[in-house]
Trainee: 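Next up is a structure, given as structure tokens.
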Amino acid sequence: MKTVSTLEEKLKILSDAAKYDVACTSSGADRRGKKGSLGNSCASGICHSFSADGRCISLLKVLLSNECIYDCKYCLNRCSNDRVRTSFTPEELCTITIEFYKRNYIEGLFLSSGVLRNPTYTMELMYQTLYLLRTKYHFRGYIHAKAVPGASPEIIQQMGYLADRMSVNMELPTSKSLQELAPNKTHAAILKPMKQIQEQITDYRLSIGKTASMERHAGNRFLSNSIFSSFESGKKISGSVSQEIPAEVSLCAKKRPVGNALSSSLDSRRPFVPAGQSTQMIIGATPENDYELLKVTQNMYQVFDLKRVFFSAYVPVNEDSALPTPDTPPPLLREHRLYQADWLLRYYGFQAEELLSPSKPNFNLFLDPKCDWALRHLERFPVEINTASYENLLKVPGIGNKSAWRIIQARRSGSLDFYHLKRMGIVLKRAQYFITCRGKMLYHIPIEEDFIARQLIGTGQKDTWNLEHPDSYRQLSLFEDHFLPTPPSVEDNLKTLSGQL
């Protein structure tokens with residue numbers, strides 16, 4: 001096996017190995033700068049990946065190691081693959097993070113890892129890295145750390161006091177799929193640290209006098225209360241994911257006291273995972289339909305109070321009879337539709353059962369989920385803009401939550417017409433089929449499903465084509481060269497690492 005000795009070689013290998021792990025879209029944590037410390041964290045920051053020439057990148061997304069004892073069939077770093085293996089030491093990873101941060105290459109760190117020796121040993125190395133960053137280097141920037149299922153609860157808790165966000169990858173939505181493609185993993189092992197993190201976030205929030213549920217700016221407000229009402233009443237949460245949750249990680253019937261045996265030795269006033277936790281599911285590697293995926297997503301929000309559920313379109317990287325063939329294109333449009341549906345769950349008050357059903361288990365790839373739902377419920381339309389409630393306005397395609405709020409505020413001063421709606425930013429090319437102003441539609445349009453569907457599909461063809469024909473599947477990185485007229489030389493790469501460029 002080839003020996004990797006230089007820091008540059010390790011960075012190339014381990015940053016490339018991390019490209020299939022979905023990073024968060026925003027930090028979700030505010031932390032101001034402090035004298036004697038380095039950096040800060042803004043809740044709305046960190047929304048991009050690496051740039052082509054090493055500037056304006058946001059997260060250093062990297063693995064601590066690409067060595068792994070597991071043999072997951074879908075994973076490029078599985079133990080049976082013949083690949084160059086390497087690992088960072090905690091000190092090496094700290095050095096890269098700090099040097100990149102000082103040069104304004106990054107705003108934070110996204111740290112994951114293959115499983116070295118065992119989960120607890122791997123988490124200990126990740127903990128050492130975060131501990132050095134926070135104490136020795138006084139780094140106050142954003143850190144997202146992956147929790148390794150099966151690791152000791154004590155080390156997961158200690159990580160939670162150092163990271164802004166933690167996540168445990170759900171990997172696959174059902175136990176059957178996980179058993180088939182990842183025989184070394186179980187949903188029980190995956191859900192257990194999720195429950196621990198959720199409970200300790202709740203403990204911290206209660207200890208400082210806040211409500212148990214995660215504070216969000218509008219997001220998840222339609223889904224975030226069910227866990228706590230069930231938590232206190234002892235009711236079971238219905239849905240497909242509850243059947244996947246084993247008894248040892250099911251919700252307690254009684255409300256737990258603030259703090260527990262694990263947190264008693266630590267300062268309970270220290271923030272614990274202040275940006276919340278998230279998870280990721282691979283789609284397209286197994287035969288689950290969109291309805292099953294959306295039901296699992298909804299229940300994950302309700303049971304574990306997650307900040308986000310991320311979807312990762314499966315990219316064929318291994319040949320295996322249980323996987324799609326290597327020439328199968330990644331289901332990027334399906335991933336996009338699931339993200340749109342996820343948005344409807346968290347911001348618009350929809351339920352999974354409204355958007356899909358066992359008789360209609362998959363989204364229409366030519367229409368966004370909200371338009372598709374509206375076409376199947378034309379009896380609710382058209383909606384009169386000047387009298388409709390906020391909830392009914394949210395159901396109209398082309399009207400978002402901010403636009404609905406603007407309509408509610410604006411019509412206090414007088415009745416609205418289509419000119420006013422256009423000035424507010426309403427997407428009339430979709431909304432015009434479902435609304436009236438002062439009792440009239442924008443055009444004389446028949447309220448017929450086939451006619452409206454043809455019009456909506458025609459306006460969305462360009463976006464659909466762009467999603468199905470991306471320019472490249474390559475991850476942008478510090479060493480990207482396909483946007484440059486000539487590839488960077490070895491000296492250029494070395495100068496980038498040393499800060500001379």
Side-chain angles (χ1 to χ4, degrees), residues 7 10-11 14-15 17-18 21 23-24 27-31 33-34 36-42 45-46 58-66 87-102 105-169 193-194 196-197 200-201 204 262-263 265-278 307:
L7 205 56
K10 289 184 178 182
L11 184 58
L14 295 175
S15 61
D21 224 333
C24 60
S27 65
D30 280 304
R31 187 187 302 105
K34 183 179 179 182
S37 298
L38 178 69
N40 56 41
S41 181
C42 178
I46 308 177
S58 298
L59 280 179
L60 174 59
K61 190 167 69 166
V62 69
L63 298 185
L64 180 73
S65 174
N66 66 345
S87 303
F88 283 123
T89 66
E91 189 64 46
E92 285 175 338
L93 194 47
C94 289
T95 300
I96 291 175
T97 303
I98 296 302
E99 293 303 317
F100 281 3
Y101 193 94
K102 287 179 178 178
Y105 292 169
I106 61 173
E107 295 179 81
L109 173 66
F110 178 94
L111 182 60
S112 186
S113 181
V115 181
L116 280 161
R117 299 189 188 177
N118 58 67
T120 298
Y121 177 79
T122 305
M123 287 290 288
E124 285 174 350
L125 291 177
M126 296 173 69
Y127 172 78
Q128 290 174 27
T129 303
L130 269 59
Y131 184 80
L132 288 172
L133 280 173
R134 295 299 196 201
T135 57
K136 179 179 177 180
Y137 296 96
H138 305 287
F139 180 67
R140 291 175 63 81
Y142 175 77
I143 296 178
H144 181 159
K146 289 285 182 180
V148 182
S152 163
E154 288 80 3
I155 196 68
I156 291 176
Q157 180 179 19
Q158 291 172 20
M159 286 274 288
Y161 287 107
L162 298 174
D164 292 291
R165 176 173 291 182
M166 293 186 71
S167 56
V168 187
N169 282 357
M194 278 190 191
Q196 178 191 348
I197 294 169
Q200 291 181 234
I201 290 174
Y204 168 69
L262 288 174
S263 60
S265 60
L266 295 171
D267 186 359
S268 61
R269 292 171 297 177
R270 293 171 59 190
F272 185 88
V273 193
Q277 69 167 322
S278 58
K307 194 81 172 193

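Values in this document were obtained by computation on a predicted structure and should not be read as measured data.
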Trainee: For a quick test of reading the model, state the closest non-hydrogen atom pair linking H138 to T135 and the distance between them.
Mentor: CE1-O, 3.0 Å
Trainee: Look at atom OH of Y137 and say whether more than 12 heavy atoms of other residues, nucleotides or ligands are closer to it than 6.0 Å.
Mentor: yes
Trainee: For the residue pair T89 and E91, confirm or rule out a side-chain donor-acceptor distance under 3.5 Å.
Mentor: no
Trainee: How long is the straight-line distance from CG of L111 back to NE2 of H144, given to the nearest 0.5 Å?
Mentor: 9.5 Å
Trainee: Is the backbone of S152 close enough, under 3.5 Å, to the side chain of T120 for a donor and an acceptor to pair up by distance?
Mentor: yes
Trainee: Work out which heavy atom in A145 is nearest to a heavy atom in A163; give both atom names and the distance.
Mentor: CB-CB, 4.1 Å
Trainee: To the nearest 0.5 Å, tell me how far S15 OG sits from K10 NZ.
Mentor: 13.5 Å
Trainee: What is the distance from atom CD1 of I98 to atom CG of L93, rounded to the nearest 0.5 Å?
Mentor: 10.0 Å
Trainee: Might you point out which heavy atoms bring I201 and G276 nearest each other, and give the distance in Å?
Mentor: CD1-CA, 4.1 Å
Trainee: Please determine which of L64, T122, L116 meets the side-chain contact (heavy atoms from CB on, under 4.5 Å) test together with S87.
Mentor: L116
Trainee: Please round to the nearest 0.5 Å and tell me the distance separating atom OH of Y101 and atom CG of L60.
Mentor: 13.0 Å
Trainee: Report yes if the side chains of F88 and L7 come closer than 4.5 Å at any heavy-atom pair, otherwise no.
Mentor: yes
Trainee: I need the minimum non-hydrogen distance between P149 and P193, along with the two atoms involved.
Mentor: CA-CG, 4.2 Å
Trainee: Could you tell me which non-hydrogen atom of R165 sits nearest to which non-hydrogen atom of S278, and how far apart they are?
Mentor: CD-OG, 3.8 Å
Trainee: State the CD-NZ distance between Q277 and K146, to the nearest 0.5 angstrom.
Mentor: 10.5 Å
Trainee: When you measure from the side chain of Q200 to the backbone N and O of Q157, does any donor-acceptor pair fall under 3.5 Å?
Mentor: no
Trainee: With the side chain counted from C-beta on, respond yes when Y204 and V273 share a heavy-atom pair under 4.5 Å apart, and no when they do not.
Mentor: no
Trainee: Is it true that a side-chain atom of R134 and a backbone atom of F139 form a donor plus acceptor pair closer than 3.5 Å?
Mentor: yes
Trainee: Could you report the tightest heavy-atom contact between S113 and S65, atom names first, then the distance?
Mentor: OG-N, 3.5 Å
Trainee: So, does D164 use its side chain to make a donor-acceptor pair with the main chain of I143 at under 3.5 Å?
Mentor: yes
Trainee: In Å and rounded to the nearest 0.5 Å, what is the CE to CD1 distance from M166 to I197?
Mentor: 4.0 Å
